[in-house]
Amino acid sequence: MKDAVIGRSVQELDTPALLVDLDALESNIETMAAFFRARPAHVRPHVKSHKLPQIARMQVAAGAPGVCAAKLGEAEAMVDGGISDVLIANQVVGEAKIARLGSLVERARISVAVDDPENVAALSRAAKERGVTLGVLVEMDVGMNRCGVNGQDAALRLVRRIVDRPGLEFRGLMGYEGHVMRIKEAAERQEMCMEAMRELTLAAAHVGNHGIPVGEVSGGGTLTYDVSGSYPGITEVQAGSYALMDTNFRDAGSPFRCAMTVLTSVISTPRKGVAIADAGMKSVATDFGLPEITARPGVALRKLSEEHAGLEVAAGATVRPGDRLEILPSHGCTTVNLHDVAYAVRSGRVQEVWPITGRGKSQ
Ligand SMILES: Cc1ncc(COP(=O)(O)O)c(C=O)c1O
């Protein structure tokens, strides 16, 4: 069934279907890799966006030492898909998950973020019992008000809890400046990002000054990769959305190409000026606002319900049931999560069908 569509035109695919344009994807991976080739830091791409081992393997082939995952389940999907080095840039808490983490460490080089001493103790017990070494990065809150310890003294205190614990290896500090991504004005965003990176690197120096070597100092995202990736002392950038992109990042001025669309079919043209297509919010996410119709002049997406897209058709434009349209998502990460497979496409033809094995892996 999967093989039946390979080599065919995307126009023959059933809909709704998630498409990945390989030319745009490869260009994005190369743009990011080229930036870091000239710098001491590296990118460790975050897979929470694409959730696809196939793309992760392309990113590693372009020079990344491994990837980041948001969840243990995503990390498992990546290791199953051949990735041998994963940073879970998040806390792994609770007996059931720590047991799964222990078996994952037997199969790959795994690191995890921590911000709590009891969690550190639980991770150490589990790693020791299995006779494995789990990498640990202390997460700092650098202004986002999400997870992370506050301040360099708190970071040092937690690092000290890690260094002598059996089963754990202290691998560095991380701090994600997610609060700056919503700042529209580029200069202000840059300044806030530098402030966050300053806090993170000062904490790394503080830990280092107490005789504890800090391996990675990890932060950054798609909108700040150039600022955080050039900041002295930052060794690793966790950008992820750059691979597939979305209109949200495009509108914020990101240089990467939109590589993902949702193919949809018109199913009804009930009134003059109106068409209805078969991709609703179960096929394309709306948490960052309405997505867009692309490459179809005179047709605009006006609303989404669960399984329907409401389109406005300008005078002079013609749309008929059965017509195929492409939608550019406003939020790539949550859109990918709605699909079982991605169709990898070049010049309008399906090259490969990728099961999105990290999809829905929120545990
Ligand atoms: C911990 C962490 N690192 C990095 C990122 C960067 O992601 P993006 O490339 O989408 O900016 C995120 C985004 O949510 C994140 O949560």
Side-chain angles (χ1 to χ4, degrees), residues 25 28-29 31-33 35-36 41-52 55-56 59 64 66-75 78 86-92 111-115 136-149 171-184 186 189-190 192-193 196-197 200 216-229 231 234-260 285 287-288 329-337 358 361-362:
L25 170 66
N28 291 344
I29 292 174
T31 300
M32 186 63 89
F35 178 86
F36 283 102
H42 58 258
V43 63
R44 174 181 284 274
H46 208 312
V47 305
K48 57 149 196 135
S49 183
H50 57 68
K51 308 176 206 308
L52 278 156
I55 296 182
Q59 291 170 313
V67 299
C68 296
K71 291 296 182 83
L72 176 59
E74 278 178 8
M78 291 302 132
V86 183
L87 162 61
I88 302 170
N90 207 347
Q91 282 63 25
V92 175
S111 314
V112 67
V114 297
D115 65 0
V136 175
L137 278 80
V138 167
E139 178 167 6
M140 291 192 68
D141 177 7
V142 290
M144 191 187 181
N145 296 332
R146 197 168 65 178
C147 304
V149 299
R171 290 193 181 145
L173 300 186
M174 82 162 235
Y176 170 55
E177 71 283 18
H179 57 298
V180 319
M181 307 300 169
R182 295 297 175 96
I183 300 172
K184 294 257 177 293
R189 192 164 64 223
Q190 184 164 341
M192 294 282 285
C193 174
M197 294 304 105
L200 188 60
E216 300 296 356
V217 185
S218 186
T222 291
L223 276 188
T224 55
Y225 76 96
D226 49 346
V227 181
S228 43
Y231 197 90
I234 295 296
T235 66
E236 181 171 277
V237 167
Q238 305 183 353
S241 299
Y242 75 95
L244 295 179
M245 283 286 289
D246 54 37
T247 61
N248 180 53
F249 278 113
R250 180 203 62 191
D251 295 346
S254 172
F256 300 98
R257 291 167 60 184
C258 287
M260 166 185 20
D287 54 320
F288 281 1
S330 51
H331 192 183
C333 314
T334 45
T335 295
V336 172
N337 204 42
K361 297 293 189 299
S362 299

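Each ligand, and each atom within it, is numbered from 1 in the order the structure gives. When reading the values below, keep in mind they use all heavy atoms of this one structure, side chains included, and skip hydrogens, waters and symmetry mates.
For atom 7 (O) of ligand 1, the nearest protein heavy atom (residue, atom name, distance) is Lys48 CE, 3.4 Å. The closest protein non-hydrogen atom to atom 11 (O) of ligand 1 is Thr222 N, 3.0 Å. At the top of the distance list for atom 12 (C) of ligand 1, counting protein heavy atoms only, stands Tyr176 CZ, 3.2 Å. Scanning all protein heavy atoms for the shortest distance to atom 10 (O) of ligand 1 gives Ser241 OG, 2.5 Å.
The contact set between ligand 1 and Gly221, taken as ligand atoms under 4.0 Å from a residue heavy atom, comprises 6 (C), 11 (O). Which parts of ligand 1 touch Ala239 is read off a 4.0 Å heavy-atom cut-off, strictly below it: atoms 9 (O). The contact set between ligand 1 and Gln238, taken as ligand atoms under 4.0 Å from a residue heavy atom, comprises 1 (C), 2 (C), 3 (N), 4 (C), 5 (C), 6 (C).
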Side chain to side chain contact (heavy atoms under 4.5 Å, CB included) between Leu87 and Val112, intermediate numbers included: CA-CA 6 Å; Leu87 162 61; Val112 67; 5.8 Å; no
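Under 4.0 Å from ligand 1, the heavy atoms of Arg146 that appear belong solely to its side chain. In His46, the part holding a heavy atom less than 4.0 Å from any atom of ligand 1 is the side chain. At a heavy-atom distance under 4.0 Å, no atom of Tyr242 approaches ligand 1.
Formation of a donor-acceptor pair under 3.5 Å by the Asn90 side chain with backbone atoms of Ala70 is found in this model. Using a distance-only test at 3.5 Å, with no hydrogens or angles considered, no donor-acceptor pair links the side chain of Arg146 to the main chain of Tyr176. At least one donor-acceptor pair closer than 3.5 Å links the side chain of Lys71 to the backbone N or O of Ser362.
Between the OG1 atom in Thr222 and the CG atom in Asn28 there is a gap of 9.5 Å [rounded to 0.5 Å]. Of the inter-residue distances, the one linking Glu177 atom CD with Met144 atom CE reads 9.5 Å to the nearest 0.5 angstrom. One distance of note links OG1 of Thr235 with NE2 of His42; it measures 5.5 Å at 0.5 Å rounding. Separating the OH atom in Tyr242 from the CD1 atom in Ile29 is a distance of 6.0 Å, to the nearest 0.5 Å.
Taking any N or O of Gly240, backbone or side chain, at least one lies under 3.5 Å from an N or O belonging to ligand 1.
Residue contact annotation: Gly220 has a non-hydrogen atom under 4.0 Å from ligand 1. Using a 4.0 angstrom heavy-atom cutoff, Phe249 counts as in contact with ligand 1.
Within the cation-pi definition used here (under 6.0 Å to the ring centroid, within 45° of the axis), Arg44 does not qualify as a partner of Phe36.
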